[in-house]
Asks: 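First, the structure itself, so that you have it in front of you.
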Amino acid sequence: MTKNELKIYSAPLINALQHVVQYWPGLSLLAYPVTLTEPYAVLVHHMDALKNHKNNHPASHSSEFREVCNDHIDVLLDFLDKTYGDVLRLEQARYRKSPPSATFENLWMLFKPGQDVYIKARENKPAIPMRLGTFEGSLRGPYVELQGWGVSCNGTQITPQSRYCSFNAFDGEKEIFSLEAYPKEFHDESDYEQELQKRGQRYWEFCGPAYKQYIGTTIADRNHPRVEVCTDFLGFRPLYFKFLS
């Protein structure tokens with residue numbers, strides 16, 4: 001199979017992308033030219049941002065630069081509309097259905113790296129929040145995989161945690177809420193995010209930090225040399241220390 005590539009040589013257009021794309025794994029906007037592989041998901045997900053950028057240039061941009069940049073943005077948006085416009089509008093119409101639905105071949109339009117998603121609830125357990133990192137896999141193959149991260153709590157520790165889930169291919173349309181994961185705005189409880197935040201806040205209040213430990217060096221001054229310490233801050237008891245030269 002062959003894949004189409006889009007190469008962007010326009011410096012003003014690359015500059016616009018650098019302003020509007022805040023996060024996209026594996027993409028370098030410092031390269032020249034910027035090379036993207038079909039389906040150009042980063043561009044499709046930032047079409048509205050590029051439109052807004054036309055009227056929100058940095059003050060340092062000259063009027064000549066803004067005019068050229070806006071012309072190049074229009075060329076790119078026209079290309080994207082001719083390539084994906086009809087499919088994108090049809091897919092977005094599915095999102096507005098009751099209930100909202102999506103197609104497997106266009107799941108890349110539903111998921112944007114950096115957005116908050118929920119992994120579907122299982123076995124009477126609530127849906128799990130995840131910050132989406134990557135959307136991977138062959139869109140024409142048997143599955144795609146989402147990878148991201150979240151916060152894990154085992155009752156004694158709160159730690160970052162890698163998370164992922166995969167989608168098997170399906171025909172036709174499927175309800176978004178029934179997918180293995182879905183963007184948070186499609187959750188059936190509009191206040192679910194606030195519930196999760198309140199639950200975390202309660203846990204932190206009930207089990208607030210009761211013990212802290214520092215291992216490292218102190219800051220030296222004129223009257224005190226630099227000291228390496230291992231100490232707890234519960235009772236400010238030094239476990240050991242030694243003077244450093």
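Source: prediction; values computed, not measured.
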Asks: Under the 3.5 angstrom rule, does the side chain of Asn56 hit a backbone N or O of Asn52 as a donor-acceptor pair?
Replies: yes
Asks: Looking at NZ of Lys54 and CD1 of Ile73, how far apart are the two atoms once the value is rounded to the nearest 0.5 Å?
Replies: 7.0 Å
Asks: Ignoring hydrogens, what is the shortest heavy-atom contact between Ser178 and Lys120? Give both atom names and the distance.
Replies: O-NZ, 3.3 Å
Asks: Would you call Asp74 and Lys51 a salt bridge, taking side-chain N to carboxylate O under 4.0 Å as the test?
Replies: no
Asks: What are the two closest heavy atoms between Ile14 and Ala31, and how far apart are they?
Replies: CD1-O, 4.5 Å
Asks: Taking only residues two or more places apart in sequence or in another chain, which ones pass side-chain hydrogen bond (donor to acceptor under 3.5 Å, both in side chains) with Lys125?
Replies: none
Asks: Is there side-chain contact between Leu80 and Leu88, with at least one heavy-atom pair below 4.5 Å?
Replies: no
Asks: Any chance you could lay out the side-chain hydrogen bond (donor to acceptor under 3.5 Å, both in side chains) test for His57 and Asn70, step after step, and finish with the verdict?
Replies: CA-CA 10 Å; His57 284 269; Asn70 288 352; 2.8 Å; yes
Asks: List the residues meeting ring pair (Phe, Tyr, Trp, His ring centres under 6.0 Å) with Phe177, not counting sequence neighbours, and say none if there are none.
Replies: Tyr182, His187
Asks: Quick one: pull up CG in Leu13 and CG in Asp71 and give me the separation to the nearest 0.5 Å.
Replies: 11.5 Å
Asks: Give a yes or no on this: more than 12 heavy atoms of other residues, nucleotides or ligands lie within 6.0 Å of atom OH of Tyr192.
Replies: yes
Asks: With a 4.5 Å limit on heavy-atom distance, are the side chains of Glu38 and Leu6 in contact?
Replies: no
Asks: Compare all side-chain heavy atoms of Phe79 with those of Tyr40 and state whether any distance is below 4.5 angstrom.
Replies: yes
Asks: Suppose we screen for side-chain hydrogen bond (donor to acceptor under 3.5 Å, both in side chains). Which residues come up paired with Gln161, at least two apart in sequence or across chains?
Replies: Arg163
Asks: Side-chain contact, heavy-atom cut-off 4.5 Å: His46 with Trp24?
Replies: yes
Asks: So, do His19 and Pro58 sit near enough that their side-chain heavy atoms are less than 4.5 Å apart?
Replies: yes
Asks: So do Leu76 and Met47 actually touch side chain to side chain, heavy atoms under 4.5 Å?
Replies: no
Asks: Leu196 and Pro129: which non-hydrogen atoms are nearest, and at how many Å?
Replies: CD1-CG, 3.8 Å
Asks: Does a salt bridge link Glu91 with Arg94, judged by any charged N lying under 4.0 Å from a carboxylate O?
Replies: yes
Asks: Could you list the cluster mates of Leu90? Members are the ILVMFWY residues connected by side-chain heavy atoms closer than 4.5 Å, either directly or through other members.
Replies: none
Asks: Looking only at heavy atoms, which two atoms of Phe167 and Phe104 are closest? And how far apart?
Replies: O-CE1, 4.2 Å
Asks: Could you pull out every donor-acceptor pair under 3.5 Å between side chains of residues 109-119 and any protein atom, sequence neighbours left out?
Replies:
unit_1: Gln115; atom_1: OE1; unit_2: Lys112; atom_2: N; d: 2.7
unit_1: Asp116; atom_1: OD1; unit_2: Arg131; atom_2: NE; d: 2.4
unit_1: Asp116; atom_1: OD1; unit_2: Arg131; atom_2: NH2; d: 3.1

Asks: Rounded to the nearest 0.5 Å, what's the gap from CZ on Arg96 to OG on Ser101? Could you check?
Replies: 11.0 Å
Asks: Taking all non-hydrogen atoms of both residues into account, name the closest pair between Gln18 and Leu29 and its distance.
Replies: NE2-O, 2.7 Å
Asks: Mind checking side-chain hydrogen bond (donor to acceptor under 3.5 Å, both in side chains) for Glu193 and listing every partner two or more places apart, or none if nothing turns up?
Replies: Lys184
Asks: Would you give the length of the straight line joining atom NE2 of His72 to atom OG of Ser10, rounded to the nearest 0.5 angstrom?
Replies: 4.5 Å
Asks: Return yes if some donor-acceptor pair links the side-chain N/O of Tyr95 with the main-chain N/O of Ile176 below 3.5 Å, else return no.
Replies: no
